[in-house]
Engineer: 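Input: one structure, supplied below.
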Amino acid sequence: MMPRFRVVVADFLADALQPEREILGDIADVVALNATAEADLVGHIESADAVMLYHNIAITAATISRLQQCKLIVRCGVGFDNVDHRAARAQGIPVGNVPDYGAEEVADSAIGLMLALTRGINFFNVRLQQRRGAWAFMDVAPLHRLRGRTFGVIGLGCIGTAAALRAKALGMDVAFYDPYKPDGYDKANGIRRVEKLDDLFAQSFVLSPHCPLTSETRHIVDARAIGLMPDGAYLVNTARGAVVDVTAIPAAIRSGKLRGAGIDVLPFEPPPEDHPLLVAWRDPNDPCHDRVILNPHSAFYSEEGLLDMRVKGAQACRRALLGEPLRNIVN
């Protein structure tokens, strides 16, 4: 008789594990730790045959070194910067992710933030609700037609491609920068490739990063990059919080360099109350109040997407436990 495996869900989920147990229950016991800090894992994760990790905590080399028989750490999401995948590789543990679970939701959110900003929807709603300004369209002038304007994408993965195609459907001129994509994706999707990142900044009426957070992409959009964008441009971030240096946004909004910013992700969530972007966004006398949209890392969410994340993560564990070929390995 095959021995039963042990799969540990490190964080995010409590004990309602029906999808995971439907997929793994015949071969493994599934335990949810619902950890809020890495220290919560001590004494509970060492004997795991597979680990499912969400985004509430990070797993560092200290935890990985204690894993005695782990066959897979799966980051149940797209970004994998909260697991030390290099330490795992050194220990012979594959790290995987779920790159496609919320592609539609995140792409829809990026386009939704863009439209709410570029069509003045958020601006009007905030001001009219607070009885500021006239009941008149000219309060937001000038707005410009989206057709023909450049939607710039950094990172043409699943979500970047989905966002690019949505922007293309709106008649926008879609350009992307991704030095790791082979030739042909521009032609296959009917969009433009830009060879230099600075050129993408200079062209983008709307800039939307869709890259993972790595040492190369941390603050890839900073004050210098924003300074290269056209005056009155827009910035949307539904990728990872530290891809954008959000402390540069208030000054860019006040100067008119950015006309709006839609930010779903921040480097620390929830952010501290004295974070300069939050302070500006909450101040009715600051231009950021009307021209910045903040969401609580929610772009990924739909009931269907949440189920996809859990199912695909559990399926990855099943393949690892049964010795089947693995998918979406990032290390």
Engineer: I need the minimum non-hydrogen distance between Cys76 and Gly313, along with the two atoms involved.
Structural biologist: SG-CA, 4.0 Å
Engineer: So which heavy atom on Gly120 is nearest to which on Val140, and how close?
Structural biologist: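 Gly120 and Val140 have their closest heavy atoms at CA-CG2, 4.0 Å.
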Engineer: Between the side chain of Asp173 and the main-chain N/O of Gly148, is any donor-acceptor distance below 3.5 Å?
Structural biologist: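 A pair under 3.5 Å: no.
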Engineer: For the side chain of Thr217 and the backbone of Pro212, is there at least one donor-acceptor N/O pair under 3.5 Å apart?
Structural biologist: yes
Engineer: Sub-3.5 Å donor-acceptor pair from the side chain of Asn97 to the main-chain atoms of Arg75, do we have one?
Structural biologist: no
Engineer: From the options Gln315, Arg310, Arg318, select the one residue that forms a side chain to side chain donor-acceptor pair (under 3.5 Å) with Glu20.
Structural biologist: Arg310
Engineer: At what distance, to the nearest 0.5 angstrom, does CZ of Arg6 lie from CG of Leu24?
Structural biologist: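 If we round to the nearest 0.5 Å, Arg6:CZ and Leu24:CG are 13.5 Å apart.
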Engineer: Look only at the side chain of Asn331 and the backbone of His85, and say whether a donor-acceptor pair between them is shorter than 3.5 Å.
Structural biologist: yes
Engineer: Distance from Leu235 atom CG to Ile226 atom CD1, nearest 0.5 Å?
Structural biologist: 5.5 Å
Engineer: When you group the ILVMFWY residues by side-chain heavy-atom contacts below 4.5 Å and let the links chain together, are Leu117 and Phe151 in the same group?
Structural biologist: yes
Engineer: side-chain contact (heavy atoms from CB on, under 4.5 Å) for Arg218 and Leu213? Distances and angles first, verdict last.
Structural biologist: CA-CA 6 Å; Arg218 182 176 296 274; Leu213 178 60; 3.9 Å; yes
Engineer: Could you work out, with salt bridge (charged side-chain N to carboxylate O under 4.0 Å, His left out) as the rule, every residue matching Asp264, not counting sequence neighbours?
Structural biologist: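 By the salt bridge (charged side-chain N to carboxylate O under 4.0 Å, His left out) rule, Asp264 matches no residue at all.
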Engineer: Evaluate the ring planes of His297 and His55, with Trp represented by its six-membered ring, and classify them as parallel (under 30°), tilted (30 to 60°) or perpendicular (over 60°).
Structural biologist: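 Parallel: the ring planes of His297 and His55 meet at under 30°.
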Engineer: Test side-chain contact (heavy atoms from CB on, under 4.5 Å) on Leu278 and Leu266; report intermediate values, then the result.
Structural biologist: CA-CA 11 Å; Leu278 259 71; Leu266 291 165; 4.3 Å; yes
Engineer: Sub-3.5 Å donor-acceptor pair from the side chain of Asn328 to the main-chain atoms of Gly96, do we have one?
Structural biologist: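 Judged by distance alone, no pair lies under 3.5 Å.
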Engineer: Apply side-chain hydrogen bond (donor to acceptor under 3.5 Å, both in side chains) to the pair Thr150 and Gln203, showing each step before the final yes or no.
Structural biologist: CA-CA 6 Å; Thr150 299; Gln203 297 175 29; 4.9 Å; no
Engineer: Decide yes or no for Arg132 and His289: does some side-chain heavy atom of the first lie under 4.5 Å from some side-chain heavy atom of the second?
Structural biologist: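 Result yes, sub-4.5 Å side-chain heavy-atom pair found.
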Engineer: Can you tell me how far apart CE (Met229) and CZ (Phe201) are? Round to the nearest 0.5 Å.
Structural biologist: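 If we round to the nearest 0.5 Å, Met229:CE and Phe201:CZ are 8.0 Å apart.
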Engineer: Please tell me if the side chains of Arg66 and Val42 come closer than 4.5 Å, counting only heavy atoms from C-beta onward.
Structural biologist: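 SC-SC contact between Arg66 and Val42 confirmed.
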Engineer: Which heavy atom in Pro99 sits nearest to a heavy atom in Val78, and how many Å separate them?
Structural biologist: O-CG2, 3.7 Å
Engineer: Could you go through Leu41 and Ile57, starting from their C-alpha distance and side-chain angles, then the distance that decides it, and tell me whether this counts as side-chain contact (heavy atoms from CB on, under 4.5 Å)?
Structural biologist: CA-CA 10 Å; Leu41 305 177; Ile57 64 169; 3.9 Å; yes
Engineer: Is it true that Glu273 and Arg282 have a side-chain N and a carboxylate O under 4.0 angstrom from each other?
Structural biologist: yes
Engineer: If the threshold is 4.0 Å, N to carboxylate O, is there a salt bridge linking Lys312 and Asp100?
Structural biologist: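 Between Asp100 and Lys312 there is a salt bridge, with a charged N closer than 4.0 Å to a carboxylate O.
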Engineer: If I compare all heavy atoms of Leu326 with all of Ala316, which pair ends up nearest, and what's the gap?
Structural biologist: CD2-O, 4.3 Å
Engineer: Between the side chain of Arg149 and the main-chain N/O of Val206, is any donor-acceptor distance below 3.5 Å?
Structural biologist: no
Engineer: Looking at Ile45, Asp84, Val95, which one forms a side chain to side chain contact (heavy atoms under 4.5 Å, CB included) with Ile64?
Structural biologist: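 Exactly one option meets the side chain to side chain contact (heavy atoms under 4.5 Å, CB included) with Ile64, and it is Asp84.
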Engineer: Would you confirm whether Asn122, through its side chain, and Asn125, through its main-chain N or O, come within 3.5 Å as a donor-acceptor pair?
Structural biologist: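 Not at all, since once roles are kept as given, no pair shorter than 3.5 Å links the two residues.
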Engineer: Indicate, with yes or no, if Val106 and Val330 share a hydrophobic cluster defined by side-chain heavy-atom contacts under 4.5 Å among Ile, Leu, Val, Met, Phe, Trp and Tyr.
Structural biologist: no
Engineer: Hydrophobic cluster membership, with links at side-chain heavy-atom distances under 4.5 Å among I/L/V/M/F/W/Y: are Phe176 and Leu207 in one?
Structural biologist: no
Engineer: Specify the closest pair of heavy atoms between Gly152 and Leu200, including all atoms of both residues, with the distance to one decimal.
Structural biologist: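 It is CA-CD1, 3.9 Å.
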Engineer: Kindly check if the number of other-residue, nucleotide or ligand heavy atoms within 6.0 Å of OH (Tyr185) is above 12?
Structural biologist: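 Result for OH/Tyr185: open.
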Engineer: Can you find a heavy atom in the side chain of Met114 that is under 4.5 Å from one in the side chain of Arg166?
Structural biologist: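 They are not in contact (no side-chain heavy atoms under 4.5 Å apart), so the answer is no.
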Engineer: Kindly indicate whether the side chain of Asp283, heavy atoms from C-beta on, has any atom under 4.5 Å from the side chain of Val279.
Structural biologist: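 No; the side chains remain at least 4.5 Å from each other.
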Engineer: Please say whether more than 12 non-hydrogen atoms of neighbouring residues, nucleotides or ligands are located less than 6.0 Å from CD in Gln18.
Structural biologist: no
Engineer: Would Leu306 and Phe300 satisfy side-chain contact (heavy atoms from CB on, under 4.5 Å), going step by step from the backbone distance to the final call?
Structural biologist: CA-CA 8 Å; Leu306 192 61; Phe300 74 93; 4.2 Å; yes
Engineer: If Ile, Leu, Val, Met, Phe, Trp and Tyr residues are connected whenever their side-chain heavy atoms lie under 4.5 Å apart, and connections chain through other members, are Leu165 and Ile111 in the same group?
Structural biologist: no
Engineer: Kindly indicate whether the side chain of Ser65, heavy atoms from C-beta on, has any atom under 4.5 Å from the side chain of Gln91.
Structural biologist: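 Contact flag for Ser65/Gln91 side chains = yes.
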Engineer: Would you say the side-chain atoms of Gln129 pair up with the backbone N or O of Val126, donor to acceptor, closer than 3.5 Å?
Structural biologist: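 Not at all, since once roles are kept as given, no pair shorter than 3.5 Å links the two residues.
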Engineer: Is there a donor-acceptor contact under 3.5 Å from the side chain of Arg4 to the main chain of Ala28?
Structural biologist: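 Checking the backbone N and O of Ala28 against the side chain of Arg4, a donor-acceptor pair under 3.5 Å is found.
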Engineer: Distance check, rounded to the nearest 0.5 Å: Ile73 atom CD1 versus Ile93 atom CD1?
Structural biologist: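 One finds 5.0 Å between CD1 of Ile73 and CD1 of Ile93.
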Engineer: Going by an N to O cut-off under 4.0 Å, is there a salt bridge joining Asp198 and Arg224?
Structural biologist: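 A salt bridge links Asp198 with Arg224.
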Engineer: Does the pair Arg193/Asp183 count as a salt bridge with the N-to-O cut at 4.0 Å?
Structural biologist: yes
Engineer: Between Asp222 and Ala225, is there a donor-acceptor pair closer than 3.5 Å when you use the side chain of the first and the backbone of the second?
Structural biologist: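 Checking the backbone N and O of Ala225 against the side chain of Asp222, a donor-acceptor pair under 3.5 Å is found.
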Engineer: How many angstroms lie between CG in Asp26 and CZ in Phe5, if you round to the nearest 0.5 Å?
Structural biologist: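 It comes to 10.5 Å.
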Engineer: According to a 4.5 Å side-chain heavy-atom criterion applied to Ile, Leu, Val, Met, Phe, Trp and Tyr, with indirect links allowed, do Leu143 and Leu115 form part of one hydrophobic cluster?
Structural biologist: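 Yes, it is one cluster - the side chains of Leu143 and Leu115 are joined through contacts under 4.5 Å.
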Engineer: Mind checking whether Leu156 and Ile191 have side chains closer than 4.5 Å, heavy atoms only?
Structural biologist: yes
Engineer: Less than 4.5 Å apart, side chain to side chain, heavy atoms only: is that true for Val221 and Pro209?
Structural biologist: yes
Engineer: Just so I know, are the side chains of Lys168 and Asn189 near enough to count as touching, which here means a heavy-atom distance under 4.5 Å?
Structural biologist: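 Heavy-atom side-chain distance check fails, nothing below 4.5 Å.
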Engineer: Give me the atom names and distance for the closest heavy-atom approach of Val8 to Ala48.
Structural biologist: CG2-CB, 3.7 Å
Engineer: Measuring from atom CG of Asn285 to atom CG of Asp290, what distance do you get when rounded to the nearest 0.5 angstrom?
Structural biologist: 10.0 Å
